Amino acid sequence: MSPLPDAVRRRTAAVTSLLPRGRLLPDEVWHRRHRAIVRVAGLQALALVLFGAFSGHDPLVCLAGGLLVAAPLVVSLPAGYSRKVRSAGASASLFLASAVLVQFWGGQIEAHFHFFVMVGLVALYQDWVPFGIGLGVVVLHHGVLGTLEPGVVFSHHAAMAHPWRWMVVHAAFVLAASATHLASWRLNEQQGLRDPLTGLANRTLLREFLARTLSRREDVAVVFVDLDDFKNVNDSRGHAAGDQLLLAVAERLRACVRTGDLVARLGGDEFAVVVHGGGVPARRVGERFLAGLAQPVDVEGQQLHVHASLGTADTSTTCARVSELDGADELLRNADLAMYWAKASGKNRLVTYAEGMSKEAQDKAALRDDLAHALELGQFEVHYQATVDFRDSGPVPRAKGYEALLRWRHPERGTVSPLEFVPLAEASGDIRAIGAWVLRTATAQAAAWTAERGTPVGIAVNLSAVQLGDDEVLTVVREALRDSGLRPHQLTLEVTESVLVGDLDAVSGRLARLRATGVQVAIDDFGTGYSSLSYLRRLPVDTVKIDRSFVGDLAHGGSATTLVATIIELARSLGLDVVAEGVETEQQAQVLRDLSCTYAQGYLYARPQAAQDVVAPAPADAVPSDAVPSDAVPSDAVPSDAVPAGAVPAGVVPAMVAEPSTRVPR
């Protein structure tokens with residue numbers, strides 16, 4: 001678009017935005033009112049024919065007057081026309097009826113009152129177009145026709161002598177009546193268009209503002225804002241503190257936008273900004289806001305750090321629509337989808353909507369629906385991965401226990417990764433039932449293995465942050481131990497560092513009560529989340545598990561080896577055991593042994609497998625694999641590609657071909 005027309009369009013939009021306007025009516029309401037107005041216009045056309053005939057006018061003149069009034073209704077009926085065109089046609093018919101009535105009544109002053117009745121009727125459209133039509137009819141009728149036939153339009157000599165002067169008087173009254181009607185609607189509706197806490201626009205005003213902007217074919221974008229972990233503030237500090245935080249966020253959003261943009265609060269901790277100019281200015285607004293949130297917010301004398309996930313979408317992402325409200329809803333939905341991608345990508349970031357996000361959202365919705373019934377349909381399985389003891393003096397490390405790993409065998413999708421479905425289960429709350437089932441299944445299996453082997457078999461089960469969020473987890477753990485008969489010290493409950501960032505005192509207290517039952521507690525993926533070495537002094541834990549990302553770099557030495565050595569030394573000083581995850585090569589294992597790591601877990605020793613495929617460890621005096629005759633183990637017992645180079649013999653800690661190890665995510 002060239003600069004000059006664009007500047008004219010913007011100035012025109014700025015002027016029209018100052019005019020008082022009523023609500024942008026929903027489609028159903030608008031169509032209902034429009035149908036009623038069209039019926040009134042049609043009846044008026046018929047009534048004017050009859051009125052003219054009874055007034056002694058020529059029948060052809062009466063018929064012509066009726067046709068003149070009815071003619072504009074032709075464009076008010078087709079559903080394919082826009083609201084403005086259809087309302088303009090109906091309004092033209094109404095105001096032409098006023099002009100014809102004045103003509104048939106010989107300029108009688110009472111006939112002019114009909115114009116003001118029509119002003120009140122077209123006010124139902126709550127738009128300026130009908131009032132503009134009325135004003136135009138007054139100018140043409142009172143000015144032009146008043147000059148040609150003043151005695152027919154006006155009933156007094158002053159008007160007959162100066163028709164244009166009196167046209168201005170009548171037009172001013174029509175304009176004042178129009179403005180009064182719309183201002184009255186607007187003032188009455190303002191109370192329902194603002195958020196009571198922040199004073200920002202609410203969802204209704206946002207949709208109407210966006211729809212009007214789209215109707216002017218302007219480039220516009222929406223920035224959708226959702227505060228990260230806002231519920232933690234309400235839960236830990238109370239709703240009053242949460243309200244103060246929302247007010248501070250609203251002020252920072254206001255400071256990031258330009259004049260003419262709109263900031264709205266959609267409810268809870270969700271905000272939206274309508275930005276003129278398209279995607280580039282919208283990204284600038286989002287980036288300024290994220291930068292503004294880098295500064296802590298003072299709430300009740302305490303400094304709170306708040307983060308947000310942002311999504312943007314502009315008009316290029318929407319389809320052509322007949323209704324501007326549909327386009328507004330689509331644009332908001334696209335920005336919302338982009339925001340959820342920002343959440344899924346790690347939060348505290350800005351994501352721009354891209355093609356395919358909508359389909360991804362539909363897939364997730366379908367997966368969420370299937371997930372709700374997966375447990376009752378028996379689609380979940382528990383696989384087990386061995387943890388070996390480096391302190392074993394035998395030729396190969398022996399299994400000290402197993403970790404329970406959740407698998408979902410979807411009837412159509414196949415194996416669904418826990419990284420994909422567990423966040424959905426946490427969001428819906430289904431993780432409580434699923435986690436309880438995993439706990440019952442794993443403890444029962446460990447008890448069965450203990451009975452079969454005549455020696456205690458340990459089992460580790462992951463707890464989701466949602467499960468650890470209330471005291472129900474204590475009951476679930478006690479019932480699982482009671483029903484299975486497993487000794488408490490054989491059960492290890494693993495939690496990730498992410499559960500520590502909400503309310504450390506509450507989490508510590510709940511873990512302490514769990515540990516008081518006799519179970520062990522482990523911190524999983526240590527070093528990747530919100531790790532602080534001071535946490536280990538405050539938390540009632542027995543084990544730390546070094547994340548696989550550090551173990552994978554051990555072969556290269558350097559900072560990874562230094563970090564792992566530091567964690568092991570710290571754990572030893574606190575009397576904690578250490579498990580290294582993701583051990584896949586003998587070189588990694590040797591470095592861990594040299595660093596005096598206690599336990600290890602990984603493909604070098606065993607892959608996750610179903611309970612029926614887990615083979616009991618060989619007796620302590622088992623002959624090393626290189627001493628077993630070649631005919632002692634069937635050649636098809638273990639696939640040749642199932643055990644990585646340097647792995648222990650299959651008879652000690654079995655390995656099998658399976659999908660990558662994925663714990664029950666938190």
Side-chain angles (χ1 to χ4, degrees), residues 345-346 385-392 397 399-405 417-419 422 460-463 465 492-501 520-539 541-608 644-648 653 655 659-666:
S345 303
Q385 185 175 29
T387 300
V388 300
D389 190 342
F390 273 148
R391 298 171 301 180
D392 195 328
K400 96 177 218 334
Y402 300 86
E403 181 179 4
L405 309 171
S417 169
L419 296 177
V422 168
V461 179
N462 290 274
L463 286 183
T492 298
L493 300 175
E494 297 187 2
V495 297
T496 58
E497 294 170 316
S498 61
V499 305
L500 308 178
V501 298
Q520 307 288 303
V521 175
I523 299 296
D524 199 8
D525 296 339
F526 187 81
T528 61
Y530 303 87
S531 57
S532 169
L533 300 183
S534 63
Y535 282 167
L536 293 182
R537 295 187 298 105
R538 300 177 57 186
L539 290 173
V541 298
D542 304 278
T543 304
V544 293
K545 300 187 72 173
I546 303 173
D547 185 71
R548 66 184 61 248
S549 61
F550 303 123
V551 174
D553 291 336
L554 284 180
H556 307 294
S559 60
T561 303
T562 302
L563 179 59
V564 171
T566 301
I567 295 174
I568 293 173
E569 185 60 32
L570 173 69
R572 182 183 294 111
S573 67
L574 296 174
L576 306 178
D577 289 328
V578 180
V579 178
E581 300 179 285
V583 181
E584 297 184 355
T585 68
E586 183 58 43
Q587 186 178 7
Q588 294 168 351
Q590 187 57 52
V591 173
L592 290 168
R593 290 191 196 97
D594 294 342
L595 295 175
S596 301
C597 182
T598 320
Y599 303 105
Q601 185 179 17
Y603 287 2
L604 179 63
Y605 305 112
R607 292 174 179 262
V648 299
V653 181
E659 63 274 21
S661 172
T662 308
R663 290 167 303 284
V664 181
R666 283 61 56 189

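Keep in mind that this is a model prediction, so the values were computed, not measured.
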#### Entry: T598 side chain near I568 side chain, heavy-atom distance below 4.5 Å
no
### Query
Which pairs with one or both residues in residues 561-574 pass salt bridge (Lys or Arg N to Asp or Glu O under 4.0 Å), sequence neighbours excluded?
E569-R572
### Message
Is there a side-chain contact between Y599 and R391 in this structure, where contact means two heavy atoms from C-beta onward sitting under 4.5 Å apart?
### Response
yes
### Backbone of E494 reached by a side-chain donor or acceptor of D524 within 3.5 Å
no
### Task
Indicate yes or no: at least one non-hydrogen side-chain atom of L576 is less than 4.5 angstrom from one of T543.
no
### Task
Nearest 0.5 Å please: distance from the OG1 atom of T492 over to the CD atom of Q520.
5.5 Å
### Any residue meeting side-chain contact (heavy atoms from CB on, under 4.5 Å) with Q587, in chain and number order, not counting sequence neighbours
A555, T585
### Query
Hey, mind stepping through I567 and V544 against side chain to side chain contact (heavy atoms under 4.5 Å, CB included) and telling me if it holds?
CA-CA 9 Å; I567 295 174; V544 293; 4.2 Å; yes
### R548/Q601 under side chain to side chain contact (heavy atoms under 4.5 Å, CB included): CA gap, chis, key distance, verdict
CA-CA 9 Å; R548 66 184 61 248; Q601 185 179 17; over 6 Å; no
### Task
Evaluate the side-chain proximity of D547 to V551: yes if any heavy-atom separation is below 4.5 Å, no if none is.
no
#### Entry: Partners passing side-chain contact (heavy atoms from CB on, under 4.5 Å) against R593 (at least two apart in sequence or in another chain)
F390, P397, E586, A589, Q590, Y605
### Message
Run the side chain to side chain contact (heavy atoms under 4.5 Å, CB included) test on L595 and V564 for me, step by step, so that the C-alpha distance in whole Å, both residues' side-chain angles and the decisive distance to 0.1 Å come before the verdict.
### Response
CA-CA 8 Å; L595 295 175; V564 171; 3.9 Å; yes
